[in-house]
Amino acid sequence: FFFQAEDGIRDHCVTGVQTCALPIYEIDSLLVNNGIKSCIFTSTYYTTSKRHHVVQIIHDMIPEILGGSEAEWMHKRYSLRYSDRIICISRSTLQDLIGYMPKRSSNSVALLNGLPFLRMEAPRPIEGARWSLVSAKAKLAMSEFSVLYIGGRYGWHGYKNAAVLLKAFKRLVAEVGEEKDIRLVFVAHHCEPEPEIAELAKSLPIVYVSADDRELTEIMSVCSCLAYTSAIEGFGLPILEGLYSGIQVIASDILPHRE
């Protein structure tokens, strides 16, 4: 199993599978040096081999839709051009790919994202007896009405579009006033709000949380709904996580979200 990583091999080990760290964009020499003459190479982020069969995974066509320069995404274009097969994580991403690269239609398919159900425990409603077991992060999210948002809030050229959610939430706060304890819960790897979001978030009842998968499951179990406001997406995995958890989901009306 070859992978691209800057943080060493430890976090990527799989029991019973030989692993090898891979310098970014330097595949063929490494494979040859490890005695591999023929293989199917699968890349999740636009790395290409000229000596082996390549199956490329495409997460979205957002840079193309938003007008990203050829120089910025040179490796992606190159990789798609020389891939034997292309897997898109949604039918809408497949449609976008074919729209920009019609010649790739014959070797491209949609294979939708999913959740690792065997590893993910479905959230259960918080009851009095379990309250003492709830993590501190989940308690931060607890209120009469909590709106959950997962992931980056701005994104490349602002495509995550969380500003729409903040404006709507501000109206909700103004209408409800002090009658209800409401809050907006942002869960992401980085707690600090992006500069473009910070100004809109001022004075609003917002909680910023960094959480692992288990903590996120608990946070979902105490929230009232999940909001996902992207203007463009490749798939929208948080929507699937919200549906699986059993909470209401409010999403922007775009093709991958409907899918």
Side-chain angles (χ1 to χ4, degrees), residues 4 6 24-25 42-48 54-83 85-113 147-170 184 186-201 208 226-242 249-259:
Q4 295 173 185
E6 297 176 357
I24 294 177
Y25 306 128
T42 301
S43 173
T44 58
Y45 206 76
Y46 318 130
T47 304
T48 305
V54 175
V55 177
Q56 188 65 244
I57 298 174
I58 300 298
H59 299 278
D60 61 66
M61 296 295 287
I62 291 172
E64 290 77 7
I65 294 171
L66 295 181
S69 69
E70 184 74 23
E72 284 181 294
W73 297 94
M74 176 181 65
H75 289 291
K76 180 178 180 180
R77 290 273 181 177
Y78 181 85
S79 177
L80 293 177
R81 192 171 294 123
Y82 290 100
S83 293
R85 293 289 186 271
I86 299 172
I87 294 172
C88 298
I89 64 167
S90 67
R91 296 183 187 91
S92 54
T93 296
L94 175 61
Q95 183 177 308
D96 291 337
L97 170 66
I98 294 172
Y100 282 91
M101 303 183 76
K103 292 182 180 180
R104 300 292 91 189
S105 61
S106 62
N107 69 341
S108 302
V109 297
L111 186 62
L112 277 62
N113 271 339
V147 180
L148 174 64
Y149 181 96
I150 303 171
R153 295 155 289 239
Y154 190 72
W156 197 65
H157 287 220
Y159 81 90
K160 286 295 186 180
N161 205 27
V164 168
L165 173 60
L166 285 166
K167 290 173 183 176
F169 188 71
K170 187 174 184 178
L184 177 57
F186 280 129
V187 177
H189 290 301
H190 304 289
C191 287
E192 289 298 316
E194 298 85 342
E196 299 85 357
I197 297 298
E199 186 63 31
L200 288 169
Y208 298 94
L226 179 141
Y228 206 62
T229 53
S230 298
I232 307 170
E233 267 300 343
F235 184 79
L237 192 60
I239 293 176
L240 197 59
E241 292 172 327
V249 175
I250 304 167
S252 49
D253 187 12
I254 59 176
L255 186 58
H257 291 177
R258 282 184 245 127
E259 183 181 334

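Small disclaimer: the values here were computed from a predicted structure and weren't measured.
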Does the side chain of [Y] come within less than 4.5 Å of [X]'s, by heavy atoms?
{"X": "Ile232", "Y": "Met61", "result": "no"}
{"X": "Leu94", "Y": "Val109", "result": "no"}
{"X": "Leu166", "Y": "Tyr149", "result": "no"}
{"X": "Asp253", "Y": "Arg258", "result": "yes"}

Can you name the closest pair of heavy atoms from [X] and [Y] and give their distance?
{"X": "Val249", "Y": "Gly242", "answer": "CG2-C, 3.9 Å"}
{"X": "Ile197", "Y": "Ala163", "answer": "CD1-N, 4.1 Å"}
{"X": "Phe186", "Y": "Arg153", "answer": "CB-NH1, 3.4 Å"}
{"X": "Pro256", "Y": "Gly234", "answer": "CB-O, 4.0 Å"}
{"X": "Tyr159", "Y": "Leu66", "answer": "CB-CD1, 4.1 Å"}
{"X": "Ile62", "Y": "Glu233", "answer": "CD1-CA, 4.2 Å"}

[atom2] on [Y] to [atom1] on [X], rounded to 0.5 Å:
{"X": "Ile239", "Y": "Leu226", "atom1": "CD1", "atom2": "CG", "answer": "7.5 Å"}
{"X": "Arg81", "Y": "Met101", "atom1": "CZ", "atom2": "CE", "answer": "5.5 Å"}
{"X": "Phe235", "Y": "Ile89", "atom1": "CZ", "atom2": "CD1", "answer": "6.5 Å"}
{"X": "Arg91", "Y": "Asp96", "atom1": "CZ", "atom2": "CG", "answer": "14.0 Å"}
{"X": "Ile57", "Y": "Leu111", "atom1": "CD1", "atom2": "CG", "answer": "8.0 Å"}

Point to revise | Residue pair Leu80, Leu97: steps toward the side-chain contact (heavy atoms from CB on, under 4.5 Å) verdict | key: CA-CA 10 Å; Leu80 293 177; Leu97 170 66; 4.0 Å; yes
Are the side chain of [X] and the backbone N or O of [Y] linked by a donor-acceptor pair below 3.5 Å?
{"X": "Thr93", "Y": "Cys88", "answer": "no"}
{"X": "Glu259", "Y": "Ser90", "answer": "no"}
{"X": "Thr229", "Y": "Lys160", "answer": "yes"}

**Study point:** side-chain contact (heavy atoms from CB on, under 4.5 Å) assessment of Ser230 paired with Asn161
**Key:** CA-CA 5 Å; Ser230 298; Asn161 205 27; 5.5 Å; no
**Study point:** Any residue meeting ring-ring contact (aromatic ring centres under 6.0 Å, His included) with Tyr82, in chain and number order, not counting sequence neighbours
**Key:** Tyr78
**Study point:** Geometric class of the Tyr228/His257 ring pair [parallel <30°, tilted 30-60°, perpendicular >60°]
**Key:** tilted
